[in-house]
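Taking it in order: structure first as C-alpha cells, then the write-up.
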Amino acid sequence: MSEFAEIEKKWQQRWKESGIFRVKEDHDKKKYYCLEMYPYPSGKLHMGHLRNYSIGDSFARYKRMNGFNVLYPMGYDSFGLPAENAAIKNQSHPEDWTTKMIAQMREQQEQLGLSYDWDRMVSSIDEEYYRWDQWIFLKMLEKGLAYRKEAPINWCEKCHTVLANEQVINSSCWRCESKVQVKNLEQWFFKITAYAEELLSDIKKLEGWPERVKLMQENWIGRSEGTLINFKLKRTGEIMPIFTTRVDTLWGVTFMVFAPEHPKVMELVKGTEYEERVKRFIDRIVIQDKFQRTDDTKEKEGMFIGEYAINPVTGDEVPIYIANFVLLEYGTGFIMAVPAHDQRDFEFAKKYQVPIKVVISPDTHELHPARMAVAFIEDGKIINSDEAFNGVPNREVIPEIQKWLEKKGLGKKTVQYKLRDWLISRQRFWGTPIPVIYCDHCGIVPVPEKELPVRLPRKAKFSGQGNPLASNEEFVTCFCPVCKSPARRETDTMDTFVNSSWYFLRYTDNKNQKQIFDRDKARYWMPVDQYIGGIEHAVLHLLYARFYTKFLRDMGIAVVDEPFTNLLCQGMVIKDGKKMSKSLGNVVDPGEIIEKYSADTARVFMLFAAMPEKELEWNDKGVEGSFRFLKRVYHLVEENMEGHAKELSNKDRFIISKMHSTIGKVTMHIEKMHFSLAIGELMQYTSAVYKYKEGTINKEVYDECAATLALLISPFAPHLAEEMWEKLGKKGFISIAHWPKADLSKIDKKAEAGEEIVSSVTADIIKVQELAKIKQAKKITLIIAAEWKYDFIRELKDRMESTRDLSVILKEIMATELKRYGEEIVKAVPSFIKDPSKLPEEVLDQQTESNLLQDNKETLAQEFKAEIIILKAEESREGKAKNAYPGKPAILIE
RNA sequence: GAGGGGGUGCCGGAGCGGUCAAACGGGACAGGUUUAGGCCCUGUUGGCUUAGUGCCUACGCGUGUUCAAAUCACGUCCCCCUCACCA
C-alpha cells in the first residue's frame with residue numbers, strides 16, 4: 001500500500017461529509033452538465049470504466065473550478081440478463097444480486113474519488129424510475145408509436161424459453177446445446193421510423209460529435225430515394241410493389257426475387273410441385289441468415305418457385321425466384337432483378353441461366369449480354385426502353401420516369417430507410433413490465449396512469465424455463481380497467497435500452513414522484529454538455545436517446561431537440577495489442593492498481609497514456625512512471641522551505657513566467673480534452689520547480705508555484721491536490737477553489753527581463769538561465785531574409801497600409817519574436833492564407849521590398865544595435881542563417 | 001465491397017509548414033547515493049565532428065508544391081475500426 005492510501009481515504013471522507021459536490025439549479029451561474037454513460041452494475045469495475053470516469057471526473061472538476069454549476073451524476077443500468085442468470089444459479093431474486101452489485105460498484109467508484117452528486121443517483125430497477133418508462137410507453141401507445149407486430153425470436157424447445165442473441169452459440173442454446181429454432185411471436189415495437197427523417201437531418205446539428213459516430217448513424221438510418229413500382233403476379237393478378245433506386249433499368253428486368261422468409265412465398269408454392277423444395281431451401285437459408293452470416297453466404301443461392309410476375313411497363317412475364325441475397329427487412333422484401341446493370345443480379349443470372357437484357361449503353365462501345373463478364377453499373381444512355389426515354393442519359397431520366405409512372409398509376413416516388421422499428425419486447429423477467437392488459441372483450445387495454453407502476457413481483461421462480469413472469473399467476477391475473485372482467489397482463493418486459501434512453505433527463509430531477517421530471521429543472525440543465533462513453537453505443541443507445549428526446553419534446557415534456565451537445569467516444573483499453581478480456585487472460589484489475597499505487601495514480605496514468613479517443617495500451621511500467629511523478633509533485637510541499645530575498649531575482653521571474661505559461665497551456669489542453677498533453681506540461685513544470693528549489697528561493701514565489709501546481713493537477717489527482725492544498729495552509733477544498741488564470745504580462749516580463757536576450761532560435765526556456773553569458777555578447781547579428789513572399793507579403797501589405805516605414809514593421813515583428821521567447825502560445829507569424837496561389841501576382845513587387853529593406857538597413861542597425869545582414873531566401877537555408885526566413889529574422893549572439 | 005482512422009526514434013506516444021534530431025513517459029547505458037540491491041538523483045541514448053559549434057542521414061515508400069515539408073498535394077504499400085449481399 002502506498003503512502004497515498006490514507007490521504008485518499010481521508011479526502012473521500014471529507015468530500016462526503018461536506019457535500020461539496022451536491023448541486024442544485026442556480027440561475028446566477030452557468031450550468032455545465034457532464035455525463036458518463038451509466039454502467040451495467042456487474043459488480044466489478046474494469047479498465048474501460050476507470051478510463052471513462054477518469055476523463056469525465058477530470059473534466060467535471062475542471063469546469064467546476066472554472067465557476068460552472070456542474071451537474072455530474074451517476075446511476076445504474078440495472079435491469080438485464082446477468083441478474084436473471086444469477087437468480088437461476090443461486091435460486092434467489094434478481095433484485096438481491098443486483099442490489100449487491102450496485103453497492104460493490106459504487107464502493108469502487110467512491111474509491112476513485114469521483115466527484116458525483118450521489119444524491120442524484122438513478123437506478124433503472126427502482127420502481128420510481130421504471131414507472132416513468134411505463135408512463136412513456138403509454139404515451140407512445142396513445143400517439144400510435146407503440147404497436148404490436150409479429151417478429152422472430154430464438155426459441156429453445158428444451159428449455160422452453162426465448163434466447164437472446166448472445167445466448168445462442170453456434171445456433172445452439174447456450175445451456176442445453178439443443179438446436180435453436182426461429183419462431184414468430186407478436187411483440188411490441190416503437191415506431192422510431194416515424195422520426196427517421198428528423199433523426200437523420202438533425203445529425204448536422206451535432207457539431208460536437210465525432211464524425212465517425214455521425215456517419216455510423218447516417219448509415220444506420222440509411223435513407224435512400226427511389227421508386228415503388230407495382231408488379232403483378234401472373235397467376236393471381238395480385239399487385240406486389242417493389243422498391244428500386246434504379247427505376248431507369250425497369251425495362252431490363254428479366255426476373256424477380258423474393259426474400260426467402262417472405263410470407264408470400266409459401267402461399268404461392270402451396271400445393272405445387274415446388275412446395276417441398278422451397279420449404280427445405282427456406283429452412284436452410286433462414287438459419288444461415290441468423291447464425292452463419294459470416295460464412296460463405298457470398299455465394300448467390302436461389303431457386304425458381306414456379307411463378308411469374310408481369311412487368312407493368314413492358315408486359316413481359318418474368319420468372320420469380322427466392323434467393324439468399326434478398327432481405328425481408330429492407331424495402332418490400334421483393335425485388336426486380338436487372339442482371340445487365342446490377343452485379344448481384346448478374347451473378348445470379350449467370351448461375352441460373354436467366355436471360356440478360358441491356359438497357360443502358362456506355363458511350364464508347366456496345367454491350368453484348370453473352371460477352372459481359374460483369375454487370376455494367378456505370379452511367380450511360382437509355383436503350384431498349386420506352387421511346388420517350390431512349391437516348392437520354394440514365395441519371396437524368398429517373399425523375400421523368402417517376403412522373404410518368406405516377407401518371408399511369410404504376411408506381412410512385414418514395415423514400416426508403418434502412419432503419420427499422422425498435423423491437424422492445426423481451427420475454428424475460430428482469431426488465432420493465434409493459435403496462436398493458438389483454439381483455440377478451442376490450443382487446444389491448446393500457447394500464448391507467450394512476451395504477452403505475454406495474455411492479456415486478458417479489459415472489460418468482462427462476463428455473464431457467466420460460467419467463468418467470470408468464471408463469472406467475474398472481475402477476476398475470478388482473479381485471480380489465482375498462483369492463484372489469486377478468487383479464488391477463490402482458491408478460492413481456494422492455495428492452496433495457498428503453499431505460500437508458502432518458503435517464504439523463506431523470507438526473508435533473510431524480511426524486512420527483514409526481515412527474516417524470518420538473519420541466520424547469522430539465523430546462524435549466526439540459527442538454528448534456530459533455531457525454532462520454534464507449535464507441536459501442538454509437539448507434540443503438542445514442543440513436544434511441546435522440547429519438548426519446550424528440551418524442552418527449554413533441555409531448556411538450558422535454559425541452560431540447562438534441563440531448564447531447566458534445567460527445568466523446570473513448571478508445572478501448574488494450575494489453576499486448578489485444579482487447580482486455582477474460583478469455584485472453586490479459587485483464588488488469590483497476591482495484592489492484594489502486595491498492596498498489598493509488599487512485600490518483602490510476603487516474604493520471606489513464607489520462608496520460610493516450611488521447612481519450614485513442615486506444616490505450618496498458619503498460620505496467622507506465623503506471624510506475626505516473627506514480628513516481630505524483631510522488632515528486634507531493635514531495636514539493638512536504639519539506640518546509642526556507643526562503644529569502646524580497647526582490648525578485650531573474651530566477652524568480654523565470655519560474656513565475658514558467659508558471660503562467662504552464663497555466664495557459666494546461667488550460668488550453670484541458671479545454672480540448674488533451675489530458676495527456678496537460679499532464680505532460682505539468683511534468684515539465686514540476687521539474688522546473690525542482691530546479692528552482694535548489695539554492696536560494698523566494699518563499700512566497702515557491703509557495704505560489706506549489707499552490708498552482710496543486711490547482712492544476714487537482715482535476716487529475718484530486719486527493720493529492722487536496723492534501724497539498726492543506727499542507728500549504730490554504731483554506732477550504734481545492735476541489736471548489738478557483739482555477740488559476742495565466743497572467744500574460746508576467747510571461748512578457750520574463751522576456752523583457754533580459755532586454756539583452758534577444759532570442760537565439762534554439763533557445764528554450766531553461767537556457768534563459770544562461771543569460772549571463774549573453775549579456776557579455778560582443779556582437780549581435782540580425783539576419784533577415786529579403787525575399788518576402790506569399791503569406792508574409794500579405795502580412796506586410798496589411799501593415800504597410802498603416803505605415804510605410806519598414807523599420808516600424810520589423811520592430812513589430814521583433815516584438816512578436818520576443819514574446820515568443822517568453823513562451824507565448826501564439827505563433828509569431830500567423831499564416832494568413834493556406835493557398836499561395838490565391839495571391840494576386842501584383843500584391844507587392846518583391847524587388848521593391850528588397851530595396852526598401854536595403855534602404856532601411858542603417859536605421860535598423862541603429863534600432864537594434866546590431867549588425868544587419870540581408871540574405872536572399874535561398875541563402876537562408878545555409879549555415880548560420882538557417883533560421884532566418886521570410887517573416888522571421890534570426891538573431892545571432894557572439 | 002463501402003465508409004472512417006492510422007503508419008514518427010529501442011517501445012508507447014505528442015507534434016501536423018520554419019525555435020524539429022522531434023515533447024512527455026517507459027526501457028537501455030553511464031555516474032551519484034548504498035555493504036549490495038531496490039527506491040531516489042544526475043547525465044547519455046541516429047551517425048560524424050567542435051572549445052562553443054557544425055554537418056550528414058532520418059517521421060511507411062515514391063513524386064510534387066515551397067526559399068523551407070514529419071507537417072500540404074498526388075500516387076503507392078501496409079495496419080486498424082465500423083457497416084456490410086440495402087435492390
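Below, chains carry the letters A, B, ... as their sequence lines are ordered, and counting in each starts from 1. Values below: all heavy atoms of this structure, side chains included; hydrogens, waters and symmetry mates excluded.
- Taking atom C1' on both B:U53 and B:U34, the two are 39 Å apart, rounded to the nearest angstrom.
- Here the separation of B:C55 from B:G17, taken at their C1' atoms, is 24 Å to the nearest Å.
- With A:Y690 contributing its side chain and A:R632 its backbone, the two residues share a donor-acceptor pair below 3.5 Å.
- For the P atoms, the distance linking B:A14 with B:U50 amounts to 38 Å, nearest Å.
- Stem regions annotated for RNA chain B: B:1-7 with B:77-83, B:10-12 with B:24-26, B:27-32 with B:40-45, B:46-48 with B:54-56, B:60-64 with B:72-76, counting only runs of 3 or more consecutive pairs of Watson-Crick or G-U type with both contacts under 3.5 Å.
- Atom CG of A:N219 is separated from atom C1' of B:G3 by 6 Å (rounded to the nearest Å).
- Under the side chain to side chain contact (heavy atoms under 4.5 Å, CB included) criterion, A:L215 pairs with A:N219, sequence neighbours left out.
- Between the NE2 atom of A:H635 and the C1' atom of B:C39 there is a distance of 10 Å, given to the nearest Å.
- In this structure, A:A259 and A:M683 both approach RNA chain B, and ranking their closest nucleotides by distance from the 5' end singles out A:M683.
- Contacts of A:F258 classified as ring pair (Phe, Tyr, Trp, His ring centres under 6.0 Å), with partners at least two apart in sequence or in another chain: A:H262, A:F334.
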Protein N or O to nucleotides 8-14 of chain B N or O, pairs below 3.5 Å:
{"from": "B:A14", "atom 1": "OP1", "to": "A:K614", "atom 2": "NZ", "distance (Å)": "3.2"}

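- Comparing B:G54 with B:G64, their C1' atoms sit 31 Å apart, to the nearest whole Å.
- Rounded to whole angstrom, the span from the CD atom of A:E218 across to the C1' atom of B:C83 amounts to 13 Å.
- Annotation: ring pair (Phe, Tyr, Trp, His ring centres under 6.0 Å) contacts of A:F325 (sequence neighbours excluded): A:F348.
- When the C1' atom of B:U82 is taken as reference, atom CD1 of A:I221 falls 16 Å away, rounded to whole Å.
- Scored by the side chain to side chain contact (heavy atoms under 4.5 Å, CB included) test, A:K413 finds A:E225, A:Q402, A:E406 as partners (sequence neighbours excluded).
- Using a 4.0 Å heavy-atom distance criterion, A:V326 is classed as a base contact.
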Problem - Trace of the salt bridge (charged side-chain N to carboxylate O under 4.0 Å, His left out) decision for A:E301 with A:K351 - result: CA-CA 9 Å; A:E301 266 189 274; A:K351 183 167 174 182; 5.9 Å; no
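- Taking the salt bridge (charged side-chain N to carboxylate O under 4.0 Å, His left out) definition, one finds that A:R395 meets it with A:D379, sequence neighbours left out.
- A straight line from CZ of A:F627 to P of B:G26 spans 13 Å, rounded to a whole angstrom.
- Neither OP1 nor OP2 of B:G1 sits under 4.0 Å from any side-chain N or O of A:R344.
- Nucleotide B:C85 holds its C1' atom 10 Å from the CD1 atom of A:I335, rounded to whole Å.
- The separation of B:A69 from B:C59, taken at their C1' atoms, amounts to 11 Å, rounded to a whole angstrom.
- Using a 4.5 Å heavy-atom threshold, the side chains of A:L405 and A:K412 count as separate.
- For A:S626, the side chain to side chain contact (heavy atoms under 4.5 Å, CB included) criterion is met by A:T601, A:V604, A:F605, not counting sequence neighbours.
- Residues satisfying the ring pair (Phe, Tyr, Trp, His ring centres under 6.0 Å) criterion with A:W422, sequence neighbours excluded, are A:F190, A:Y544.
- At least one donor-acceptor pair under 3.5 Å links the side chain of A:D421 to the backbone N or O of A:T193.
- Contact annotation for A:G625: backbone-only contact, meaning every heavy-atom pair under 4.0 Å involves sugar-phosphate atoms and none involves a base.
- Computed from coordinates, the A:D345 CG to B:A87 P distance equals 11 Å when rounded to whole Å.
- Across B:C72 and B:C16, the matching C1' atoms stand 9 Å from one another, rounded to whole Å.
- Residue pairs meeting the salt bridge (charged side-chain N to carboxylate O under 4.0 Å, His left out) criterion with at least one member in residues 246-255 of chain A, sequence neighbours excluded, are A:R246-A:D248.
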All N/O pairs under 3.5 Å across the protein-nucleotides 40-42 of chain B interface:
{"from": "B:C40", "atom 1": "OP1", "to": "A:R628", "atom 2": "NE", "distance (Å)": "2.7"}
{"from": "B:C41", "atom 1": "OP1", "to": "A:R632", "atom 2": "NH1", "distance (Å)": "3.1"}

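- Going from the P atom of B:G12 to that of B:G60 covers 13 Å, rounded to whole Å.
- A distance of about 25 Å separates the C1' atoms of B:U44 and B:A36, rounded to the whole Å.
- The salt bridge (charged side-chain N to carboxylate O under 4.0 Å, His left out) analysis of residues 600-611 of chain A, with sequence neighbours excluded, yields the pairs A:D57-A:R603.
- Closest-nucleotide positions on RNA chain B for A:S626 and A:F334 were compared, and the one nearer the 5' end corresponds to A:S626.
- Rounding to whole angstrom units, CG of residue A:L215 and C1' of B:C81 are separated by 13 Å.
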